[in-house]
Each structure stands twice: as C-alpha cells, then as structure tokens.
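Working notes for the structure below.
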Amino acid sequence: MARGGNQLFDDNRDGFLRISGLGSQWNSFEDVQYLPAGGLFASVNQMGMGDNGSLKSLYNDLCVKYLSFVGVQEEEGVLKKKEKGGLKLKIKIKNPSLRRLLSGGIAGAISRTAVAPLETIRTHLMVGSSGHSTNEVFNNIIQTDGWKGLFRGNFVNVIRVAPSKAIELFAYDTVNKKLSPAPGEQPKLPIPASLIAGACAGVSSTLCTYPLELVKTRLTIQRGVYNGIVDAFLKILREEGPGELYRGLAPSLIGVIPYAAANYFAYDTLRKAYRKILKQEKIGNIETLLIGSAAGAISSSATFPLEVARKHMQVGALSGRQVYKNVIHALASILEQEGIQGLYKGLGPSCMKLVPAAGISFMCYEACKKILVEDEEEA
C-alpha cells in the first residue's frame with residue numbers, strides 16, 4: 001500500500017499495537033507493547049469519520065476494559081509466562097489433599113500401563129502357569145492370546161493402581177508432614193519420618209484396594225473363567241465367600257510395610273543426597289526417574305519372597321495346587337519344594353517391571369505437582 005494511503009499498521013508503527021519478533025511459535029507476550037491510541041484514530045479521522053476526541057475516548061475505554069491483559073500474566077488464569085519466554089501450564093487447586101490425590105492417581109495409571117506386559121510375565125513366572133523362563137512365558141502368551149494377552153487384566157490393574165497410588169501418596173505426605181520436625185527443632189521420633197510415613201502409606205492403600213488386586217490376579221491366571229471385573233467379583237463372592245477377596249492379605253501387608261517404608265525412605269534419602277552433593281534445589285525429570293528407579297530396586301529386591309508367597313496364596317487350589325494355611329506355611333512349602341531359588345523366581349522380570357514403574361511413578365508425580373499448584377506464584 002502507498003505511504004499516503006489509509007492504513008492501520010504503517011511502517012512508522014503508528015497503529016493499534018506493535019508486535020515485534022513474531023515467529024512461528026506464538027508463545028511469548030514479551031514483545032507485545034501498547035502504543036498511543038492516536039495513531040489508529042488519526043488515520044480514521046483523515047477519512048472524515050466523526051469527532052477525533054470522542055473516538056479516542058471510546059477507544060481508550062475499550063483498551064482499558066478488554067485489552068489490559070495483553071503482555072502480562074492473567075490474575076486468575078492457568079498459563080504462566082516462563083522466565084525465558086513461552087507459556088507454562090498451571091492448574092490452580094487450592095486444596096493440597098486434592099492435589100496429592102490427583103497427582104498420585106495420574107502417576108499410578110501411567111506407570112502401570114507402561115509396564116503392563118512385564119507385570120503379566122512376572123505373575124505367570126511366580127505361579128509357573130505358562131513356563132519357567134521369561135522367554136517361555138512370553139512365547140506361550142503370544143501363541144495363546146496374541147499381543148493383547150500381555151495386557152490381560154491391565155484395565156483392572158489401572159483401576160486398582162490409580163486410587164491406590166493416590167491414597168498412598170496422600171497418606172505418605174500427610175504422615176510425613178506431621179512427623180517431620182520444623183527447621184531448628186529436634187526430631188519427634190528416633191527413626192526417620194519418611195520410613196514411618198512410607199509404611200503407613202503402604203498399609204492404607206493396600207487395605208482399600210486389595211480386592212481389586214486379587215481380581216486382577218485371577219483374571220490374569222484363570223483364562224476364560226470370568227467375563228470381566230464384575231463377573232469375577234460376583235463369582236468369587238457367590239462361590240467362595242467375601243473372605244476370599246482378602247485371601248493373602250496378611251502376607252501382602254507384611255510385604256507392603258517393609259517395601260513401602262524402604263521405597264519412600266530410599267527415595268527421600270536419595271533426593272536429599274542429590275541436593276547436598278550437587279548443591280542445587282531443583283531436581284529434573286530424568287534425575288527423578290533415576291532416583292525413583294533406584295529406590296524401587298532396593299525395596300523390591302528386599303521384599304520379593306513375601307510377594308511370591310502372596311501370589312501363591314491368592315491363586316489358591318487352582319489346577320490342583322496346594323492351599324497354604326498362612327504366610328509362614330507358604331514360605332516353608334516353597335522353600336522345601338523348590339529351594340531358595342523358588343522364593344526369588346521371577347525376580348528378574350519383577351525388577352524389570354517394578355524398577356521402571358517406580359521411576360515413572362515418581363517422575364509423573366513430581367511433574368503433576370508442578371502443574372497442579374495452589375496459586376500462580378508456585379514454581
């Protein structure tokens with residue numbers, strides 16, 4: 001357009017607003033600037049459209065009412081400008097308990113879905129229903145059910161893990177906050193708060209979600225017996241009684257207490273060591289993944305025999321298998337029949353599943369806590 005023509009945005013920047021450095025990614029408001037109102041309506045006045053003063057007054061009123069948010073962060077919004085430009089997603093949730101519940105549920109669902117095939121292989125190895133090695137079990141599942149067989153029972157697993165992780169993290173944060181001393185105070189207990197909080201978290205989540213864990217195991221092992229979650233619940237209640245839903249609870253609780261305590265204590269200790277050694281407060285996602293994985297490896301290896309006993313007790317007398325009276329009887333019988341290696345059967349795929357699951361879970365949890373904030377000023 002010629003220099004003397006009517007225009008809203010001319011080369012002298014005498015217009016509505018100026019946007020400099022507008023690239024392919026429209027993610028920064030730093031270069032959006034307000035310009036004097038006269039430029040736009042001076043051009044309009046040249047066309048003979050009304051009184052310039054009244055138009056300017058109207059324009060200024062509109063700018064104050066509708067455009068004052070440009071270039072600044074919204075007071076009640078969910079998008080926050082990064083220090084180096086760009087937008088950062090924030091969802092404001094004032095209730096800290098709800099933030100922990102949502103973060104834990106999301107983290108649990110993502111981590112368990114990612115390692116569902118390894119969970120299936122681990123369960124089959126523990127009870128010896130499809131082979132005695134990882135390759136043998138994998139090939140048997142593929143030949144029998146195809147790839148979907150590796151995800152058998154995963155929907156139940158996600159339904160169980162999401163609320164379980166939410167309850168677990170809520171209980172851990174609540175107890176840990178109550179037991180942790182304030183800066184400068186003496187410890188309230190002679191043992192670390194994270195150790196007790198982890199044990200309480202594991203017990204709380206197990207009591208609430210154990211029936212779903214048993215149903216998941218039954219759906220994985222007993223192919224074709226049940227037609228889904230509801231059918232499995234109804235058949236177990238009708239044929240075996242309500243107590244069957246909690247078969248193996250004792251060894252599960254005995255296993256959960258040291259596992260959860262060691263897991264959260266190791267995670268908390270490794271995070272503190274990372275901050276102390278590297279002298280930096282913030283921990284990145286990759287570092288969180290590695291720290292969480294290391295914590296999972298420590299806790300799962302220490303408590304694996306109890307996990308094997310629990311799986312054997314849950315399966316019960318399927319296919320003529322022995323029925324165990326209690327956890328001690330199960331451990332003694334497995335040790336007598338299969339030796340010490342029987343107590344660690346499936347440890348390899350178990351670590352392959354639990355280690356990355358722990359890392360992914362902690363990483364997702366910390367990431368969700370950065371998105372779900374109490375107010376806009378939280379990092």
Side-chain angles (χ1 to χ4, degrees), residues 96-97 99-101 103-104 107-108 111 161 163-210 213 248-283 287-310 326-328 331 343-344 347 350-351 354-355 357-359 361-363 365-366 369:
S97 299
R99 290 202 306 272
R100 290 194 292 267
L101 287 171
S103 298
S111 63
V161 169
S164 173
K165 205 67 177 178
I167 295 171
E168 182 178 308
L169 289 167
F170 171 78
Y172 171 76
D173 284 344
T174 302
V175 176
N176 192 47
K177 183 178 179 180
K178 294 291 184 182
L179 297 181
S180 297
E185 292 184 354
Q186 292 293 328
K188 299 179 180 180
L189 297 172
I191 56 180
S194 59
L195 201 65
I196 300 177
C200 293
V203 172
S204 300
S205 63
T206 301
L207 290 175
C208 294
T209 61
Y210 187 82
E213 167 69 8
L249 177 62
S252 181
L253 287 175
I254 294 173
V256 160
I257 291 174
Y259 173 82
N263 189 34
Y264 283 100
F265 174 71
Y267 178 71
D268 185 60
T269 302
L270 290 173
R271 283 175 62 87
K272 290 179 180 178
Y274 177 89
R275 291 190 175 105
K276 183 176 181 180
I277 294 174
L278 298 182
K279 292 179 172 54
Q280 62 181 40
E281 187 65 23
K282 292 186 177 180
I283 302 178
E287 291 82 358
T288 301
L289 177 66
L290 295 176
I291 290 174
S293 298
I298 294 171
S299 55
S300 61
S301 299
T303 60
F304 191 75
L306 291 173
E307 176 73 0
V308 173
R310 181 171 67 89
N326 50 52
V327 61
I328 302 299
L331 290 172
L343 296 176
Y344 289 92
L347 177 61
S350 178
C351 287
L354 290 176
V355 170
S361 179
F362 279 120
M363 182 180 68
Y365 176 66
E366 297 296 339
K369 287 201 299 184

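All values below were derived from every heavy atom in this structure, side-chain atoms included, with hydrogens, water molecules and symmetry-related copies excluded. All of these numbers come straight from a predicted model, not from anything done at the bench.
Rounding to the nearest 0.5 Å places CE of Met363 at 10.0 Å from CG of Leu290. Taking OG1 from Thr206 and CG from Leu249, the interatomic distance works out to 8.0 Å, rounded to the nearest 0.5 Å. Here the CZ atom belonging to Phe170 is positioned 6.0 Å from the CG atom belonging to Leu101, to the nearest 0.5 angstrom. Rounded to the nearest 0.5 Å, atoms CG (Leu179) and NZ (Lys177) are 12.5 Å apart. The structure places CZ of Arg100 at 9.0 Å from NZ of Lys369, a figure rounded to the nearest 0.5 Å. If you take SG on Cys200 and CG on Asn176, they are separated by 10.5 Å, rounding to the nearest 0.5 Å.
In this structure, Gly104 and Leu169 approach most closely via the heavy-atom pair CA-CD1, 3.2 Å. Considering all non-hydrogen atoms of both residues, Ile167 and Cys208 come closest at CD1-CB, 3.7 Å.
A salt bridge links Lys272 to Asp268: one of the charged nitrogens lies within less than 4.0 Å of a carboxylate oxygen.
At least one side-chain heavy atom of Tyr274 sits under 4.5 Å from a side-chain heavy atom of Gln280. The closest side-chain heavy-atom distance from Leu253 to Leu207 is below 4.5 Å. Side-chain contact between Leu343 and Phe304: absent, with no pair of heavy atoms (C-beta onward) separated by less than 4.5 Å. At least one side-chain heavy atom of Pro305 sits less than 4.5 Å from a side-chain heavy atom of Tyr344.
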Show me the donor-acceptor pairs, under 3.5 Å and distance only, between side chains in residues 292-301 and residues at least two apart or in other chains.
residue	atom	partner	partner atom	Å
Ser293	OG	Leu289	O	2.8
Ser293	OG	Val355	O	3.4
Ser299	OG	Ala295	O	3.0
Ser299	OG	Gly296	O	3.2
Ser300	OG	Gly296	O	2.7
Ser300	OG	Ala297	O	3.4
Ser301	OG	Ala297	O	2.9

Under 3.5 Å, which donor-acceptor pairs do the side chains of residues 181-196 form with other protein atoms, sequence neighbours left out?
residue	atom	partner	partner atom	Å
Glu185	OE1	Ala182	N	3.3
Lys188	NZ	Lys178	O	2.7

Output side-chain donor-acceptor pairs under 3.5 Å for residues 259-267, partner residues at least two apart or in another chain, one line each.
residue	atom	partner	partner atom	Å
Tyr264	OH	Glu168	OE2	2.5
Tyr267	OH	Arg271	NH1	3.1
Tyr267	OH	Glu366	OE2	3.0

